[in-house]
Amino acid sequence: AQLPPRITVDSASGHGWIRLMPAILNGSGIMGYKAMNVTPRVGGRYMVALYDLPSGALLAHLDADWLTQRRTAATAALGTDALAPQQVRQVGLLGSGEQARGLLAALAVVRAFQRAKVYSPTPANRERFAAELSAELGRPVEPVASPEAAVADCEVVGVALRPTTEPALRREWLAPGAHVAAISAVRPEHRELDVAIWQQATVLAVDDRQHVFESGDGRAALAAGVVPDRAVELWELLAGRHPGRTSTTDLTVFKSV
């Protein structure tokens, strides 16, 4: 596989940004790219183009909104499966949008948790999310009125909300031995985890070390003295290059961008 760094271009006129992510999977005979753009007050769009490697022929243009939601959630679930406690009683979730929906469904595949709690700032959104995901997953999902209540006494915590410039999750809210799956803040101006989580994590796992430390969270962690070499990439966990969790009291994190 050939996977060069992604390219992100911010509009000088202030009208959002565009990102391109090319890849070649030589053994499959396929190459292609994903393109996404985000426009303020409008939202994001995602597209994938695939080409036949031997002939160069265009094989497909795909609307990649669903694909992005599921791929991001699946990657976070892989990180959770590698790091979270085996016995999970409840999951705490910050966020009630499509990405949060995908994340909770993916977490349900890798851990047979008994219940979940969800917080988002809009009561109607979290109540609708709880009702729909309770029915979809066949286990209770409870809407709660604060992020602290959502993550209290949870073995696994997911962060999948609309990011701002302030952290959404605080270290002091987390139970001993918790695992955090954070997938929201990918831009340099955005935050989701406070610096203490980065500093105190026993295992800090990432999907891509370079790009994670270009995010707002990563930049804040660097400024606080967190060394990038502390971060282990997901493939290293899955390949057995890193032992992952070694104690029931470990704080483990998977940060995705």
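Nothing here was measured: the structure is a model prediction, and the numbers come from that model.
Residue Arg6 places its CZ atom among more than 12 non-hydrogen atoms of other residues, nucleotides or ligands, all under 6.0 Å distant.
In this structure, Glu172 does not pair ionically with Arg170, as no charged nitrogen and carboxylate oxygen lie closer than 4.0 Å. In summary, Asp65 and Arg45 do not engage in a salt bridge, as defined by a charged side-chain N under 4.0 Å from a carboxylate O. Classification of Glu214 and Arg219 as a salt-bridged pair fails, no side-chain N sitting under 4.0 Å from a carboxylate O. Ion pairing between a basic and an acidic side chain is recognised when a charged N comes within 4.0 Å of a carboxylate O; Asp10 and Arg187 show such pairing. Salt bridge status for Glu192 with Arg162: absent, with no side-chain N to carboxylate O gap under 4.0 Å.
The backbone N or O of Ala84 lies less than 3.5 Å from a partner atom in the side chain of Arg111, making a donor-acceptor pair.
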Apply side-chain hydrogen bond (donor to acceptor under 3.5 Å, both in side chains) to Thr249 and Ser247, showing your working.
CA-CA 5 Å; Thr249 59; Ser247 168; 3.0 Å; yes

Show your working on side-chain hydrogen bond (donor to acceptor under 3.5 Å, both in side chains) between Asn26 and Gln2 and close with a plain yes or no.
CA-CA 8 Å; Asn26 289 287; Gln2 294 170 258; 2.9 Å; yes

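One hydrophobic cluster, built from ILVMFWY side chains closer than 4.5 Å, cannot hold both Val157 and Ile183; they sit in different ones. Linking Ile, Leu, Val, Met, Phe, Trp and Tyr residues whenever their side-chain heavy atoms come within less than 4.5 Å places Leu107 and Val118 in a single cluster. Linking Ile, Leu, Val, Met, Phe, Trp and Tyr residues whenever their side-chain heavy atoms come within less than 4.5 Å leaves Leu174 and Leu83 in two separate clusters.
Considering CZ of Phe213 and NZ of Lys255, their distance stands at 10.5 Å, rounded to 0.5 Å. Gln99 CD to Thr68 OG1: the interatomic distance, rounded to the nearest 0.5 Å, is 8.0 Å. Distance OH/Tyr119 to CG/Leu93: 12.5 Å, rounded to 0.5 Å.
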